[in-house]
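The figures here come from the full heavy-atom set of this structure, side chains too, leaving out hydrogens, waters and symmetry mates.
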Amino acid sequence: MSAPLLVELFTEELPPKALRALGEAFAAGIAGGLQRRGLAAPGAAGQAFATPRRLAVLVPRVLPRAPDTPRRDKVLPVSVALDAAGQPTPTLAKKLAALGAAGVALEQLERASDGKQDSLFWNHVAPGMTLAQGLQEALADAVAALPIPKVMRYQSASGEDVSFVRPAHGLVALHGAEVVPVRALGLAAGRRTHGHRFMGTPVFHLDHAGGYERQLLEQGMVIAAFDARRAAIAQALAEAAAHHQAALAEAEDLIDEVTALVEFPTVYAGSFDSAFLAVPQECLILSMKRHQKYFPLVDAAGRLLPRFLIVSNLRAEDPRNIIHGNERVLRARLADARFFFDQDRRQTLAERVEKLGAVVYHNKLGSQLERVRRLTRLAGGIARLLHADAALAERAARLAKADLVTDMVGEFPELQGIMGMHYARHDGEDDAVAAAIEAHYHPRFAADSLPAGNTGAAVALADKLDTLTGIYGIGLVPSGDKDPFGLRRAALGVLRILVEGELPLDLLHLLRQARAGFDTDAVSDSVASDLHGFMLERLRGLLRERGVEAAVADAVIAQSPVRMDRVLPRAAAVRAFLELPEAAALAAANKRIRNILRKSVTAPGEPDLALMVEPAEKALLEVVLALAPRVASLVDNDDYTEALRLLAGARPAVDRFFDEVMVMAEDESTRRNRLGLLARLDGLLNAVADISRLAA
């Protein structure tokens, strides 16, 4: 009879940021291992449990023994198994013994072709694996495959040398109400588990696998399921925030982390002196969240309130000592932040710039001060192209990295740019300069906001282009999933600013300008063109994220565009073109033209009407000459949809040409003339995108 199977590993405190992944991987490993061995139904998912001190899984309907299975094992080719007289050879006897068929007679073996030669086969029924054997193997595989961030080595209580994420002190394996005799990490399985450190029953025995979650909650005061615990925390935080007429400040990531730190969460509210609100709220929020795992509260306008929420692992009848203790700790943290803020404002950002000369950017690319000088020139140049105030962009670029040598950013690197903005405002800098200092790091991740205004965009582009050109140019190209300098992120940032900001800038020109800022041979001369190709690959992914079909994206990118602001309109035009009845035939014809031109050893000439003898080729030249100026005008005015619609009208002339004209004529001048006509047609058809990429 099938029954639920529970496996639990009880450990010392697991790394909180990895807990959810560890729990899911452990559950999937055990459930999948049992399924592969025929002990659990295919696709039967195990329920994962993960608390700060345990990983567990409950798999429903697990068999005590896998079903017997018919097998047909190939033994040996007949030429090896039998001698010239047709008698069994010693090799056959050894092979049968190895297969567990030592007593099987020759007459019991099947003789058949294996597709190449006659062979002997053993048809038999293989007994199913026992649960003890199958779970032992599945458990070992699951433990070995866990995504452990850092392995610890220790000696178990039984004296074994063990490697695991944290020392393990207990193993439970229950099939229904029965213990499955397996071992892992130097531990023998039993039914004993552990409750909450301070509440409930510290140690107790589990009665039945199916009652694990309920028994652990009722006796152990532990909410075993990660998602259930997280939901309880999120609900309690929302209720507490609403009670104080407030909202949580960017809480999702912290909720995940806190869920991995508590077994039975309880939310309390604390407060701090409102005088600390004179410090920029980003500093206070980061201090509360990073150091103390507290949840700051903000009002409807997003302004920080002098209150915070605590997720405690202890439910107390009188929580005043817990609250006051946390308030004392937070007071010291906020006092540090205020001290850093006060100290930093004693010196202006402008006075700090020269200190960047002592900060190495990269040993092949010089100091941060040298980088700032490059950024200043590049940002000013980009601002001029955007008809923005170049002086403001240059000032922002010069000050953009100065906060790296402040105490606050030294303590909280996440605040670079943000603190620069606050200090610039304190120093009396133009507000556009202060805003650009903060904005130049944007977008920092996929869904992040873009820098507002052309001044911020100029500095942000300069920063990312300098990073790309310098790091890529010295050969540190991303490979696989390794991208330690964030070049893919920087490339996507540049593309998003140009595409979504609809900035009329030539990407290849920008890359060349960035390369010109480096006065070292360490940066390759070809870096601009190399990076352009690298960024076009990133553009492909960006277009797909925006719902552009792969073929459409390919058609646009095949033209190696340099104006990113025109990419989405071109893609929209290609989509509209695909709806036209002429689209498929024209795309196929263009693909045929490309193939002819690529394979031809004769160079195409300039098409000359005087050399044309066939009416079809004359008609096609007339169409090309008539369409060319009209299409060029439409493309120049960014009316790509109308340009492609106009080109669709060329289909009858193109079809007639291929029906009636032999391109590769024996006469060389005729052949060269016809190839020249096709080359002109190819350029015309691909004025918006490479429509040959749309052919099936």
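- Here the side chain of N590 pairs a donor or acceptor atom with the backbone of S692 at under 3.5 angstrom.
- Evaluation of the ring-ring contact (aromatic ring centres under 6.0 Å, His included) test over residues 661-695, restricted to residues two or more places apart or in two chains, returns none.
- No donor-acceptor distance shorter than 3.5 angstrom exists from the side chain of T670 to the backbone of E666, with no hydrogens or angles considered.
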Determine whether E370 and R373 satisfy the following criterion, salt bridge (Lys or Arg N to Asp or Glu O under 4.0 Å), listing intermediate values before the conclusion. CA-CA 5 Å; E370 292 173 280; R373 290 169 181 158; over 6 Å; no
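- The closest donor-acceptor contact from the side chain of T259 to the backbone of I255 lies under 3.5 Å.
- Counting only residues at least two apart or on different chains, no ring-ring contact (aromatic ring centres under 6.0 Å, His included) pair has a member in residues 428-457.
- Annotation: ring-ring contact (aromatic ring centres under 6.0 Å, His included) contacts involving residues 634-691, sequence neighbours excluded, are absent.
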Taking only distance into account, with no hydrogens and no angle test, what donor-acceptor pairs under 3.5 Å do side-chain atoms of residues 592-599 form with protein atoms, sequence neighbours excluded?
from: R594; atom 1: NE; to: D682; atom 2: OD1; distance (Å): 2.7
from: R594; atom 1: NE; to: D682; atom 2: OD2; distance (Å): 3.1
from: R594; atom 1: NH1; to: D690; atom 2: OD1; distance (Å): 3.4
from: R594; atom 1: NH1; to: D690; atom 2: OD2; distance (Å): 3.0
from: N595; atom 1: OD1; to: R598; atom 2: NH1; distance (Å): 3.1
from: N595; atom 1: OD1; to: R598; atom 2: NH2; distance (Å): 2.7
from: N595; atom 1: ND2; to: K591; atom 2: O; distance (Å): 3.3

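- Open room surrounds NZ on K364; 12 or fewer heavy atoms of other groups in view lie less than 6.0 Å from it.
- E394 has a carboxylate O that lies under 4.0 Å from a charged side-chain N of R384, or vice versa, which qualifies the two as a salt bridge.
- E502 CD: 12 or fewer foreign heavy atoms inside a 6.0 Å radius.
- More than 12 heavy-atom neighbours from other residues, nucleotides or ligands sit within 6.0 angstrom of CG on N363.
- Legend: residues meeting ring pair (Phe, Tyr, Trp, His ring centres under 6.0 Å) with F485, ordered by chain and number and at least two apart, are absent.
- For the side-chain hydrogen bond (donor to acceptor under 3.5 Å, both in side chains) test, residues two or more places apart in sequence or in another chain that qualify with E252 are R230.
- Within a 6.0 Å sphere centred on CZ of R630, other residues, nucleotides and ligands contribute 12 heavy atoms or fewer.
- The salt bridge (charged side-chain N to carboxylate O under 4.0 Å, His left out) search around D608 returns none, not counting sequence neighbours.
- Evaluation of the ring-ring contact (aromatic ring centres under 6.0 Å, His included) test over residues 525-572, restricted to residues two or more places apart or in two chains, returns Y472-F534.
- With D466 as the partner, the salt bridge (charged side-chain N to carboxylate O under 4.0 Å, His left out) test is satisfied by one option alone out of R515, K401, R377, R374: R374.
- Under the 4.0 Å criterion applied to side-chain N and carboxylate O atoms, E354 and R398 are assigned as salt-bridge partners.
- Proximity of a side-chain donor or acceptor of D403 to a complementary backbone N or O of G417 within less than 3.5 Å is detected.
- The number of heavy-atom neighbours closer than 6.0 Å to CE of M664, taken from other residues, nucleotides and ligands shown, is above 12.
- The number of heavy atoms from other shown groups lying within 6.0 Å of CD (E414) is above 12.
- We find that D430 and R395 are not joined by a salt bridge, their nearest charged nitrogen and carboxylate oxygen being 4.0 Å or further apart.
- Between the R651 side chain and the L586 main chain, no donor and acceptor come within less than 3.5 Å of each other.
- Contacts of E606 classified as salt bridge (charged side-chain N to carboxylate O under 4.0 Å, His left out), with partners at least two apart in sequence or in another chain: R680.
- Sorted by first and then second residue, the pairs that involve residues 609-618 and meet side-chain hydrogen bond (donor to acceptor under 3.5 Å, both in side chains), not counting sequence neighbours, are E617-R674.
- Side-chain atoms of Q281 come within 3.5 Å of backbone N or O of G302 as a donor-acceptor pair.
- By the side-chain hydrogen bond (donor to acceptor under 3.5 Å, both in side chains) test, R488 is found to be paired with no residue, residues two or more places apart in sequence or in another chain being considered.
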In residues 548-558, what donor-acceptor pairs under 3.5 Å come from side-chain atoms, sequence neighbours left out?
from: E549; atom 1: OE1; to: R575; atom 2: NE; distance (Å): 2.9
from: E549; atom 1: OE1; to: R575; atom 2: NH2; distance (Å): 3.4
from: D554; atom 1: OD1; to: R540; atom 2: NH1; distance (Å): 3.2
from: D554; atom 1: OD1; to: R693; atom 2: NH1; distance (Å): 3.2
from: D554; atom 1: OD2; to: R693; atom 2: NH1; distance (Å): 3.2

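- Residues V359 and L404 are not in side-chain contact: their nearest non-hydrogen atoms beyond the backbone lie 4.5 Å or more apart.
- Counting non-hydrogen atoms of other residues, nucleotides and ligands closer than 6.0 Å to CG of D659 gives a total above 12.
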